[in-house]
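Remarks on the structure that follows.
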Amino acid sequence: MNNHNDDKEQKSIVAEKLKQTAKKKAGKAGKKLLKKVAKQAVKAAAKALLSALKAGLAFLIGIASPYLLIGLLIMFAIIVIYVATTLIFSFGDEELLGDSYKLKAYIEEKVYDSIDYNRLEQRDYMLPVELVISVMQIYESEKRDATSKEAVDVIVEKLKPEFTYEDREGYIESYTTTCDDDGCHDSGVTKTPYTVNMLTNVIAWNGNSTFNIEEYMGEWNSSTSSSTYTTTDKDGNKTSETVTTTHHSRALRFNQTPNYQEDYAYYEKVLMSDPFHYKRDDLIMVEALYQATGGHINYSAWKNGMSLSNGGGYDIGGDVNVIPGAGVPAEYMQYYLAGQKRFGVDWYYLAAFHWVETKFSTHQPMISSAGAEGHMQFMPCSWMGWAYPGCMGTNGYVNASTETKESVAVIKQYGGYGIDADGDGKASMWSLADAIMTTAYYMNKNGFSTDVNKAIRAYNHSDSYVSLINKKAKEFKEAASILESGGSTGPPSELGFIAPTRGRITSSWGNRELSGSPDFHAALDIANDLGTKVVAIADGTVTSTHTGCGWGGLGNTCGYGWGNHVRITHVIKGVTYESIYGHLSQVNVGPNRTVKAGEVIGLMGSSGSSTNPHLHIELHQPKRPPGSIANALNPLYYLPPIPK
């Protein structure tokens with residue numbers, strides 16, 4: 001079996017860290033939490049904990065050397081205790097007993113009191129009780145004088161959301177029309193001012209929300225009442241007169257549009273500051289505990305610069321270039337990428353909308369039977385705003401002039417989505433730049449960053465439509481090439497190979513000692529942060545890939561020990577080479593795919609037989625079967641210097 005692991009120095013660092021962590025936490029967290037679990041755990045949780053420990057013990061005995069076994073066992077036990085305790089507190093109230101019930105009730109009370117519960121808009125940002133419990137596990141594992149309730153007070157006070165409100169001054173215009181036998185006459189228009197306190201910004205533990213507030217004048221509303229008056233003259237004759245009074249009113253109102261961005265800067269800042277002083281591994285532990293309760297958190301992905309818009313993936317920023325695959329017109333990429341950059345909606349989703357709606361603007365005349373218009377098929381009321389006169393109660397179509405529909409002032413007044421992206425002073429459904437940017441804006445406003453399917457459904461209320469958009473987006477993404485640009489991996493070698501990633505070389509080609517035994521390392525290990533981009537070292541064809549491996553460990557055999565990996569065949573000056581990229585956290589290409597030098601093929605990880613995030617890169621001539629070192633080449637002789 002071919003080994004692909006970190007070098008001796010990495011192993012020593014890991015072992016030392018395990019020793020230090022065990023000394024630090026075993027006496028504090030282990031004893032304290034064991035006591036708490038023993039006291040508070042219900043029967044079901046105790047069984048789950050015992051099963052987990054048994055399974056973990058068998059696993060560790062099978063893979064670990066005596067050098068690491070004790071430290072790994074202690075760490076594993078502490079982690080299981082953390083998770084078990086968190087899950088116990090996240091049970092329904094009927095499952096909790098005694099002090100556990102009282103403590104959870106106290107947490108809930110403090111969380112509710114941290115916001116103004118009478119303001120409905122604040123409830124969406126309330127701290128999750130399970131998150132508080134998860135943070136407590138780390139906080140109470142350290143030597144602190146605080147009681148559990150005092151710990152809750154600190155955590156909730158520090159992590160509670162911050163709300164900013166502004167007063168907006170509106171007014172109500174009104175007048176009265178009175179009609180009698182002598183005709184009708186109007187009273188003068190009066191203005192009655194009013195003040196409304198509106199939410200403009202929220203800083204929450206998992207993101208920020210800003211609210212665009214735009215004023216618009218509502219339509220006139222009328223209510224009519226009639227009274228009949230009877231009079232009798234001196235001769236006893238009766239006459240009747242009906243007086244009709246109509247009250248008219250309209251208000252200067254405010255349209256509030258939220259813009260949410262998932263972000264963990266506030267969360268990290270709070271927990272890394274006084275009194276917590278958490279380290280990054282502590283925050284990752286909190287993330288794991290919270291996820292164990294079913295909570296949604298993307299801290300690790302955010303920290304590693306990955307896109308949060310679609311549940312992970314890689315961020316296409318300013319240092320990469322996207323070359324679309326067959327079917328996506330290259331001239332439209334500038335508009336898709338501009339929408340992605342501004343509103344965080346992945347370019348391939350914008351391309352999918354463009355294809356589904358108008359087959360990349362080839363459908364003519366691009367006006368639907370329902371009245372949708374332009375490249376991305378917007379209804380006029382969505383474009384101009386549903387507050388526009390005549391929109392309410394319709395399917396979204398209203399008869400308006402082209403000048404009105406393209407008016408930036410009209411769109412602002414009535415709270416529409418239309419955007420002037422090309423800066424020509426008009427927001428036009430018939431401008432590619434405007435239409436595609438508006439689609440990105442619309443998807444952003446409908447929660448694309450947190451629920452992609454829900455946002456797509458808001459565009460066209462059909463499950464089949466959602467499936468089609470997802471299918472095309474996946475197709476466009478997989479067919480595209482993502483190239484590193486700007487020399488981020490340095491100049492090529494004499495043969496034309498480029499560096500596969502950035503980082504530090506932690507294990508070179510040749511003999512080494514691994515777990516106390518001699519080992520020949522037929523590869524090069526380059527370490528960096530989890531999620532660092534990995535690129536193809538030359539043009540070539542993907543011969544095979546392997547996915548589905550989770551976080552690995554010493555001796556893990558998933559993916560032949562390489563974990564998630566990619567194999568690429570290259571022909572350089574008539575000579576065939578094969579490169580292998582192992583231990584990836586994500587694979588971005590599929591088999592038989594043609595790739596270019598510098599194309600992002602995956603993200604650095606620690607899957608397979610690995611203990612820390614790094615890239616295991618192998619080079620062969622010609623390709624050889626897994627498990628053999630025949631025909632393996634020293635990558636350092638063929639690759640350029642690895643940039644840091």
Side-chain angles (χ1 to χ4, degrees), residues 4-6 300-301 303-307 310-317 319-323 325 346 348 474 476-485 488-489 497-503 506 523-552 556 558-570 577-610 612-620 623 626 635 639 642-643:
H4 331 283
N5 305 288
D6 300 324
S300 294
K303 189 63 179 175
N304 288 301
M306 291 186 248
S307 167
N310 195 19
Y314 52 94
D315 177 29
I316 301 175
D319 62 341
V320 296
N321 178 35
V322 181
I323 300 177
D346 297 304
Y348 39 86
K474 182 175 184 292
F476 294 153
K477 177 184 178 182
E478 292 179 349
S481 299
I482 315 299
L483 303 184
E484 289 282 343
S485 60
S488 61
T489 55
F497 290 110
I498 65 172
T501 190
R502 291 176 160 272
T506 54
L524 185 68
D525 286 350
I526 306 168
N528 209 328
D529 290 337
L530 179 71
T532 300
K533 296 183 183 74
V534 175
V535 305
I537 61 174
D539 294 352
T541 301
V542 178
T543 50
S544 67
T545 64
H546 189 97
T547 60
C549 298
W551 190 275
N556 187 297
C558 187
Y560 306 112
W562 289 314
N564 303 319
H565 65 268
V566 176
R567 300 170 70 118
I568 302 176
T569 299
H570 318 273
Y577 299 86
E578 185 184 51
S579 55
I580 301 175
Y581 311 78
H583 306 317
L584 302 176
S585 61
Q586 177 175 305
V587 172
N588 294 336
V589 293
N592 304 316
R593 163 78 177 276
T594 299
V595 296
K596 297 182 179 299
E599 180 171 347
V600 180
I601 59 170
L603 302 179
M604 190 178 293
S606 188
S607 57
S609 184
S610 170
N612 280 302
H614 71 286
L615 171 68
H616 175 95
I617 175 79
E618 295 187 22
L619 191 62
H620 309 278
K623 62 183 180 181
L639 299 178
I642 306 300

Checking side chain to side chain contact (heavy atoms under 4.5 Å, CB included) for the pair I526/L524: CA distance, chi angles, key distance, verdict?
-> CA-CA 7 Å; I526 306 168; L524 185 68; 4.2 Å; yes
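- Between the side chain of T594 and the backbone N or O of T541 there is no donor-acceptor pair closer than 3.5 Å.
- Of all heavy-atom pairs between A499 and P643, the closest is CB-CD, 3.7 Å.
- For the atom pair L584 CG and L603 CG, the distance stands at 8.0 Å (nearest 0.5 Å).
- Residues H546 and N564 have side chains that never bring a donor and an acceptor to within less than 3.5 angstrom of each other.
- The line from CD1 of I642 to OG1 of T501 is 8.5 Å long, rounded to the nearest 0.5 Å.
- Taking each heavy atom of I568 and Y581 in turn, the nearest pair found is CD1-CE1, 3.7 Å.
- Taking both residues in full, the closest heavy atoms of S606 and P613 are given as CB-N, 3.8 Å, listed atom of the first, atom of the second, then distance.
- Atom NE2 of residue H620 and atom NE2 of residue H570 lie 10.5 Å apart, to the nearest 0.5 angstrom.
- Atom CZ in R502 sits 11.0 Å away from atom CE in M604 (nearest 0.5 Å).
- Aromatic ring orientation, Y560 versus H565: tilted (interplanar angle from 30° to 60°).
- L639 approaches P500 most closely through the heavy-atom pair CD1-CD, 4.0 Å.
- For the pair T532 (side chain) and D529 (backbone), a donor-acceptor distance under 3.5 Å is present.
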Residue pair E599, N588: steps toward the side chain to side chain contact (heavy atoms under 4.5 Å, CB included) verdict = CA-CA 10 Å; E599 180 171 347; N588 294 336; over 6 Å; no
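- Between the side chains of Y577 and S579, not a single donor N or O lies within less than 3.5 Å of an accepting N or O.
- Under the 30°/60° scheme for interplanar angles, the aromatic rings of H583 and H614 are found to be tilted.
- Using a distance-only test at 3.5 Å, with no hydrogens or angles considered, a donor-acceptor pair links the side chain of N556 to the main chain of C558.
- Once rounded to the nearest 0.5 Å, the distance linking CD1 of I601 with OG1 of T545 reads 10.5 Å.
- Put simply, the side chain of E578 reaches to within 4.5 Å of the side chain of T543, judged on heavy atoms.
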Could you check D525 against H616 for side chain to side chain contact (heavy atoms under 4.5 Å, CB included), going step by step and ending with a plain yes or no?
-> CA-CA 5 Å; D525 286 350; H616 175 95; 3.1 Å; yes
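- Of all the heavy atoms in C549 and G559, the pair that sits closest is SG-N, 3.8 Å.
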